[in-house]
Amino acid sequence: MATSVKMDEGTKSDLEELQAEIRLKAGKQVTQQEILARIVAQAVDSKADLIDSFRDEMPALDSSEREAFHQGMVSSGVKTSESDIDEELYG
């Protein structure tokens with residue numbers, strides 16, 4: 001049983017271009033349904049990449065936001081070296 005999938009015009013156009021390119025380069029006529037099935041199968045094989053593509057990226061902070069962040073910081077007066085940090089983290 002076939003189910004319809006709604007997509008915007010740009011995505012539909014991209015799918016049609018893929019279909020035409022497959023026909024030209026592979027010499028085989030494939031349906032859009034076959035293309036989508038192959039794309040989904042490949043996405044299932046690499047789920048982590050697909051999931052990562054939906055993660056929100058951290059927005060860049062402007063200078064006033066960075067300044068506000070740093071205003072909450074206070075100096076302990078103790079100098080800390082990389083080796084001090086390594087010792088604390090790794091023992």
Side-chain angles (χ1 to χ4, degrees):
M1 176 171 88
T3 302
S4 63
V5 175
K6 293 182 181 185
M7 62 183 77
D8 61 41
E9 288 299 318
T11 302
K12 177 71 172 168
S13 177
D14 289 344
L15 185 56
E16 289 168 350
E17 285 183 32
L18 276 171
Q19 187 179 26
E21 192 167 345
I22 290 167
R23 184 175 57 249
L24 288 173
K25 293 186 177 180
K28 181 178 179 183
Q29 180 67 32
V30 295
T31 65
Q32 292 178 0
Q33 183 176 345
E34 290 172 307
I35 295 169
L36 289 172
R38 181 83 48 104
I39 290 169
V40 169
Q42 289 176 348
V44 167
D45 288 342
S46 59
K47 287 180 194 168
D49 292 338
L50 179 63
I51 293 167
D52 286 345
S53 74
F54 284 95
R55 294 190 194 284
D56 292 333
E57 292 185 24
M58 289 290 291
L61 300 176
D62 64 29
S63 60
S64 65
E65 291 170 319
R66 282 192 300 275
E67 186 177 318
F69 173 81
H70 288 293
Q71 283 180 349
M73 298 176 73
V74 294
S75 173
S76 66
V78 176
K79 293 230 179 222
T80 306
S81 68
E82 287 182 34
S83 62
D84 293 333
I85 296 170
D86 288 343
E87 180 65 30
E88 199 60 40
L89 290 174
Y90 309 114

Rounded distance (nearest 0.5 Å) linking atom CD of Q42 with atom CG of D49: 11.5 Å
Partners passing salt bridge (charged side-chain N to carboxylate O under 4.0 Å, His left out) against D52 (at least two apart in sequence or in another chain): R55
Path from Y90 to I85 over hydrophobic side-chain contacts below 4.5 Å: yes
Contact summary for Q19 and V30, nearest pair of heavy atoms: NE2-O, 2.8 Å
Donor on one side chain, acceptor on other, D86 and S83, under 3.5 Å: no
E34 CD to I22 CD1 distance, which is reported to the nearest 0.5 Å: 9.0 Å
Sidechain-backbone polar pair: D14 side chain, T11 backbone, donor-acceptor under 3.5 Å: no
E82, CD: over 12 other non-hydrogen atoms inside 6.0 angstrom: no
Gap between atom CD of E87 and atom OG1 of T80 - 0.5 Å precision: 13.0 Å
L15 side, atom CG; Q33 side, atom CD - distance, nearest 0.5 Å: 11.0 Å
Exam field: side chain S53 to backbone L50, donor-acceptor pair closer than 3.5 Å: yes
Non-hydrogen atoms of D62 and S64 that approach each other most closely: OD1-OG, 2.8 Å
Closest non-hydrogen atom pair, L36 against M7: CD1-CE, 4.4 Å
